[in-house]
A.B. asks: 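Got a structure for you, written out below as structure tokens; questions coming shortly.
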Amino acid sequence: MIPSRVRPHVRAGARATAVACVLLCLGQAAGGTAAATAAGPAPVSPPAGPVVTRAGLAPALVAGRGAAVAFDEQEAENARTTGTVIGPDRTPYTLPSEASGRKAVRLVPGQYVEFTLPRAANAVTVRYSIPDAAGGGITAPLDVAVDGRHRRTMTLTSAYSWLYNQYPFTNDPGADPLHPDWWLAECACVPAATTPAPVFGKPFRPTHFYDEQRLLLGKTYRAGEKVRLTVPTGSPAAWTVIDLLDTELVAPPQVERGGVDVRLLGADPTGRRDAAPAIERAIALARRLDRPVYLPPGTFRVDRHIEVDDVTIVGAGNWHTVLKGRQVTLDEPAPDGSRHTGVGLYGKSAAEGGSRNVHLSGFAVEGDVRERIDTDQVNAIGGAMSDSTVEGLYLHHTKVGLWFDGPMRNVRVTDNVITDQIADGLNLHTGVTDSLVRNNFLRNTGDDGIALWSEKTADARNTIAHNTVQSPTLANGIAVYGGTDTTVTGNLVADPVREGSGLHAGARFGAEPFAGTLRFTDNTTARAGTLDLNWRIGLGALWFYALDGSIDADVRVTGDHYLDSTHNAIMLVSEYGVKDRFSIPSVHFKDIRVDGTGNSVVSTRTKGSATFENVDARNVGAVGVNNCGSFNFPATGSEFTLDDRGGNDGGWLAPWLLPNTITCDDRPPVVAPPAPAPWS
């Protein structure tokens, strides 16, 4: 979430006019198929045995990269179904574009999709979408059965998905333009007065279609047993889209022996009574006794922030202990501008000295955030927490999973699952230093999955390692906005949808300049390099952007793999208005693999230079290098120079392109590459 993108935003009121029919039709069109009847086609047979993937890819293609997670991912399009496969499609505002792997399965009442357990499991997570409606959405049932037994029913909801309209969006499908004075593009770049008044239908620009639910099955089932998801014949949802199923063997609840049990201080584990005061009493007692706080199995209602400082809080495991809150409208705005509050654990603000020695582990935070209001502090974890750890949490339905406001130092964020956020998954903002973000799994964020934003004070010496980021519906998978000595290594990023890319380094949003080193090492992107809807040009899976200043740190990209890039594998660009002021002087690429691009391996739209050593490419859709320089087109060649250091296989870096031959095609046609395959 980058507030400097935002103009003042007041939500349009929810309209009484019913739009359910419009939304049902939209969902059908987005699926790309007409509705089948319950008696429809014969089941589609999957390949022999379960097909386990990682970010929609064969695990061998991403070995050693991304987060090591406890669950097995199975895409619905690889399973047995009586429904209809939708996709592939990478066009924003469609259901397939936001699905993992850009495909999903559409069911109508009476239809099912059936998965085979690859390993023993006692829990499932279903990623789904159902139609929306004005006034808060709809609910609909989904039956879950294992080998025809142990039938359970999930109640699906559209309340936490389906955003509409212009940034920062609304959950009202009938809203008029939020910013009628803006040019009708994807951001507030140009005033509307330069163009004719927009004409659009309602709902306008639907997005953020998917949600997920978790379910403990009550017993352990063996590998090979079948999990069938069926839409009941009486479902009020005209369709249900299933994207994937995660299956997991959840450990029994853990007990923190010697911990201060919050129930002894009055916390209600049934979720009926407000548990916040009791948890605060437990924190105070634990600090006096120098003991941890224990959150046992149960659901504890927390409708506001709980301040944490010099305390350890341990749950029974994030499937067993849940802090669940309602979003509460404040009587008057808080000093920080918040109009609402909700469940969250916050360190003290940096202005108050911040918190230290905070250790949070083993529980879930379930929020109630349904639209984006950038002034609201309704994040799961927030504030400043130095010398602290956040480990093994499940963060769901908040605005941002973790938003740290520094200056602060030495926070370790590890082994968390962060899904279905309205804005970012995690943001290290303003002077966060010497910190580690490792082995976290993020899916379906409404802005950057992971961001480091050096606003006012530079972030420094931070490492982002072995995380998985899937399907951010806006912006980037992992973004570095300025800062000093940053390392992004071993991550897996897949399926960014719009206005961003897989990996991004941007001198923008008022960030402090890049300095020291910037390292992208051994990362993999899949189906990145999206079309930017403002510029109408294709981005890169890795995107460097010099907007507020030059990117002149020591930048080295080593060992990355860019798979099935929609447009380009690598893009280096300056904004046209500053093209003669700012540059990207020197980037060094080594030991890179590019498997499939719709356009080029490298697209340059700036002045500067880059070196290439052992950069291998195949299945390149257009010319290997699309070199526009800074669009002055001097007779001496492009203002961007490429240096061949040798070993660049695949013929993409041909001698006639070097060192600065202009090969500028502003919008080359897209040639869809074949699916990625093992590199021989």
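All of these numbers come straight from a predicted model, not from anything done at the bench. In what follows, residues are counted from 1 in the order of the sequence shown.
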A.B. asks: Is it true that the side chains of Q377 and T341 contain a donor and an acceptor less than 3.5 Å apart?
C.D. replies: no

A.B. asks: Backbone N or O of F582 within a donor-acceptor pair of the S550 side chain at under 3.5 Å?
C.D. replies: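 Checking the backbone N and O of F582 against the side chain of S550, no donor-acceptor pair under 3.5 Å is found.
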
A.B. asks: Does a side chain donor of either H208 or D420 reach within less than 3.5 Å of an acceptor in the other side chain?
C.D. replies: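 There is no such pair (donor and acceptor under 3.5 Å, judged by atom type) between the side chains of H208 and D420.
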
A.B. asks: To the nearest 0.5 Å, what is the distance between CG on N439 and NE2 on H466?
C.D. replies: 8.5 Å

A.B. asks: To the closest 0.5 Å, what do you measure between CG (D459) and CG (L452)?
C.D. replies: 5.5 Å

A.B. asks: Do the side chains of R443 and D246 get close enough for a salt bridge, i.e. N-O under 4.0 angstrom?
C.D. replies: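 Result for this pair is yes, salt bridge flagged.
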
A.B. asks: With the threshold set at 4.0 Å, does a side-chain nitrogen-carboxylate oxygen contact exist between R438 and E391?
C.D. replies: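 Result for this pair is no, no salt bridge flagged.
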
A.B. asks: Is the backbone of R519 close enough, under 3.5 Å, to the side chain of T521 for a donor and an acceptor to pair up by distance?
C.D. replies: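 Not confirmed, T521 side chain does not pair with R519 backbone.
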
A.B. asks: Just how far is it from atom CG of L436 to atom CD1 of I464, taken to the nearest 0.5 Å?
C.D. replies: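 The CD1 atom of I464 is 7.5 Å from CG of L436, to the nearest 0.5 Å.
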
A.B. asks: Could you tell me whether the side chain of P296 reaches within less than 4.5 Å of the side chain of D261, counting heavy atoms only?
C.D. replies: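 In contact.
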
A.B. asks: Do M571 and I537 come within less than 4.5 Å of each other through their side chains, counting heavy atoms only?
C.D. replies: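 Yes. Closest side-chain heavy atoms under 4.5 Å.
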
A.B. asks: Describe, in one word, how the ring planes of Y481 and H504 are oriented to each other, choosing from parallel (under 30°), tilted (30 to 60°) and perpendicular (over 60°).
C.D. replies: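 Rings of Y481 and H504: perpendicular, over 60°.
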
A.B. asks: How long is the straight-line distance from CG of D495 back to CG of D564, given to the nearest 0.5 Å?
C.D. replies: 9.0 Å

A.B. asks: Which heavy atom of N467 sits nearest to which heavy atom of V437, and what is that distance?
C.D. replies: ND2-O, 3.0 Å

A.B. asks: Would you call R508 and D548 a salt bridge, taking side-chain N to carboxylate O under 4.0 Å as the test?
C.D. replies: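 Not counted as a salt bridge, because no side-chain N and carboxylate O are separated by less than 4.0 Å.
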
A.B. asks: In Å and rounded to the nearest 0.5 Å, what is the CG to OH distance from N444 to Y160?
C.D. replies: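 Taking CG in N444 and OH in Y160, the distance rounds to 14.5 Å.
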
A.B. asks: Write down the atom of A350, the atom of G406, and the distance for their closest heavy-atom approach.
C.D. replies: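 What the structure gives for the nearest pair is CB-O, 3.5 Å.
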
A.B. asks: Do other residues, nucleotides or ligands put more than 12 heavy atoms under 6.0 Å from the CG atom of D336?
C.D. replies: yes

A.B. asks: Whether the R214 and T125 side chains hold a donor-acceptor pair (N or O, under 3.5 Å, no angle test) is what I'd like checked.
C.D. replies: no

A.B. asks: For atom CZ of R412, is the number of surrounding heavy atoms from other residues, nucleotides or ligands below 6.0 Å larger than 12?
C.D. replies: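 No, because the 6.0 Å sphere around CZ of R412 holds 12 heavy atoms or fewer from other groups.
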
A.B. asks: So, the side chain of N416 versus the backbone of G392: is there a donor-acceptor pair under 3.5 Å, distance only?
C.D. replies: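 Yes.
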
A.B. asks: Looking at A67, is its backbone amide N or carbonyl O close enough to the side chain of N440 to form a donor-acceptor pair, meaning the two atoms are under 3.5 Å apart?
C.D. replies: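 No.
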
A.B. asks: Closest heavy-atom contact between A278 and L265?
C.D. replies: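 Nearest pair, atom of A278 first, then L265: CB-O, 3.3 Å.
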
A.B. asks: Evaluate T398 against Q421 for side chain to side chain donor-acceptor pair (under 3.5 Å), listing each step before the verdict.
C.D. replies: CA-CA 6 Å; T398 52; Q421 300 296 310; 2.6 Å; yes

A.B. asks: Before we go on, tell me: are the rings of F71 and F441 under 6.0 Å apart, centre to centre?
C.D. replies: yes

A.B. asks: For H359 and N357, test the side chains for any donor-to-acceptor distance below 3.5 angstrom and give the result as yes or no.
C.D. replies: yes

A.B. asks: CG/L531 to OG1/T566 distance, rounded to the nearest 0.5 angstrom?
C.D. replies: 9.0 Å

A.B. asks: Would a distance-only check, ignoring hydrogens and angles, find a side-chain to backbone donor-acceptor pair under 3.5 Å from S355 to G347?
C.D. replies: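 No, S355 side chain to G347 backbone: no donor-acceptor pair under 3.5 Å.
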
A.B. asks: Does a salt bridge link R356 with D387, judged by any charged N lying under 4.0 Å from a carboxylate O?
C.D. replies: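 Answer for the salt bridge query: yes.
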
A.B. asks: Assess R127 against Y210: is NZ or CZ under 6.0 Å from the centre of the six-membered ring, and within 45 degrees of the ring's axis?
C.D. replies: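 R127 over Y210 ring: yes.
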
A.B. asks: So do V432 and R409 actually touch side chain to side chain, heavy atoms under 4.5 Å?
C.D. replies: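 No, their side chains stay 4.5 Å or more apart.
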
A.B. asks: Would you confirm whether T530, through its side chain, and A528, through its main-chain N or O, come within 3.5 Å as a donor-acceptor pair?
C.D. replies: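 Flag not set: sc T530 to bb A528 has no pair under 3.5 Å.
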
A.B. asks: Decide yes or no on salt bridge (Lys or Arg N to Asp or Glu O under 4.0 Å) for E371 and K399, but give the supporting numbers first.
C.D. replies: CA-CA 8 Å; E371 69 175 332; K399 187 180 77 173; over 6 Å; no

A.B. asks: Any salt bridge between E332 and R339, counting N to O under 4.0 Å?
C.D. replies: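 So E332 does not pair with R339 through a salt bridge.
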
A.B. asks: Is the Y394 ring parallel, tilted or perpendicular to the H396 ring (thresholds 30°, 60°)?
C.D. replies: tilted

A.B. asks: Side chains of Q470 and S100: is there a donor and an acceptor less than 3.5 Å apart?
C.D. replies: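 Distance-only check passes for Q470 and S100.
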
A.B. asks: Are a donor atom and an acceptor atom from the side chains of E639 and S630 found within less than 3.5 Å of each other?
C.D. replies: yes

A.B. asks: So which atom in T489 and which in N523 form the shortest heavy-atom distance, rounded to 0.1 Å?
C.D. replies: C-OD1, 3.4 Å

A.B. asks: Specify the closest pair of heavy atoms between T473 and G446, including all atoms of both residues, with the distance to one decimal.
C.D. replies: OG1-CA, 3.5 Å

A.B. asks: Can you check whether L323 reaches I279 side chain to side chain, under 4.5 Å on heavy atoms?
C.D. replies: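 A side-chain contact under 4.5 Å exists here.
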
A.B. asks: Do V293 and V262 come within less than 4.5 Å of each other through their side chains, counting heavy atoms only?
C.D. replies: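 V293 vs V262: side chains touch.
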
A.B. asks: State, without any angle test, whether H588 and S586 hold a side-chain donor-acceptor pair at a distance under 3.5 Å.
C.D. replies: yes

A.B. asks: Can any side-chain N or O of W453 pair as donor or acceptor with the backbone N or O of F509 at less than 3.5 Å?
C.D. replies: yes

A.B. asks: Can you tell whether the side chains of R326 and D368 come within less than 4.0 Å, N to carboxylate O?
C.D. replies: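 Not counted as a salt bridge, because no side-chain N and carboxylate O are separated by less than 4.0 Å.
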
A.B. asks: Can you tell if the side chain of T524 reaches within under 4.5 Å of the side chain of L563, non-hydrogen atoms only?
C.D. replies: yes

A.B. asks: Going through the checks in order, is the side chain to side chain donor-acceptor pair (under 3.5 Å) test met by E212 and T419?
C.D. replies: CA-CA 8 Å; E212 67 177 48; T419 66; 3.3 Å; yes

A.B. asks: For T604, enumerate each residue passing the side-chain contact (heavy atoms from CB on, under 4.5 Å) test, keeping only those at least two apart in sequence or located in another chain.
C.D. replies: L572, V602, N627, F640

A.B. asks: Is L442 close to I450 at the side-chain level, that is, under 4.5 Å between some pair of heavy atoms?
C.D. replies: yes

A.B. asks: Between N614 and K590 (side chain of the first, backbone of the second, donor and acceptor by atom type, cut-off under 3.5 Å), is there such a pair?
C.D. replies: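 Flag not set: sc N614 to bb K590 has no pair under 3.5 Å.
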
A.B. asks: If you measure only the distance, is there a donor-acceptor pair under 3.5 Å linking the side chains of R372 and Y167?
C.D. replies: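 Indeed, the side chains of R372 and Y167 share at least one donor-acceptor pair under 3.5 Å.
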
A.B. asks: In sequence, state the C-alpha distance, the side-chain angles, and the governing distance for R498 and D532, and then conclude on salt bridge (Lys or Arg N to Asp or Glu O under 4.0 Å).
C.D. replies: CA-CA 6 Å; R498 54 187 268 250; D532 186 277; over 6 Å; no

A.B. asks: Given 3.5 Å as the limit, does a donor-acceptor pair link the side chain of E73 with the main chain of A55, or not?
C.D. replies: yes

A.B. asks: Angle between ring planes, Y346 versus H305, binned at 30° and 60°: parallel, tilted or perpendicular?
C.D. replies: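 Parallel.
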
A.B. asks: Go through the side-chain N and O atoms of T606 and S574 and say whether any donor and acceptor fall under 3.5 Å apart.
C.D. replies: yes

A.B. asks: Verify the ring-centre separation between W543 and F520: is it less than 6.0 angstrom?
C.D. replies: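 No, the ring centres sit 6.0 Å or more apart.
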
A.B. asks: Using the side chain to side chain contact (heavy atoms under 4.5 Å, CB included) definition, which of the options T611, I570, V557 pairs with V587?
C.D. replies: V557

A.B. asks: If every non-hydrogen atom of G483 is compared with every non-hydrogen atom of A458, which pair is closest and at what distance?
C.D. replies: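 In terms of heavy atoms, the two residues are closest at CA-CB, 4.3 Å.
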
A.B. asks: Please confirm whether the backbone N or O of G342 pairs with a side-chain atom of D303, one donor and one acceptor, at under 3.5 Å?
C.D. replies: no

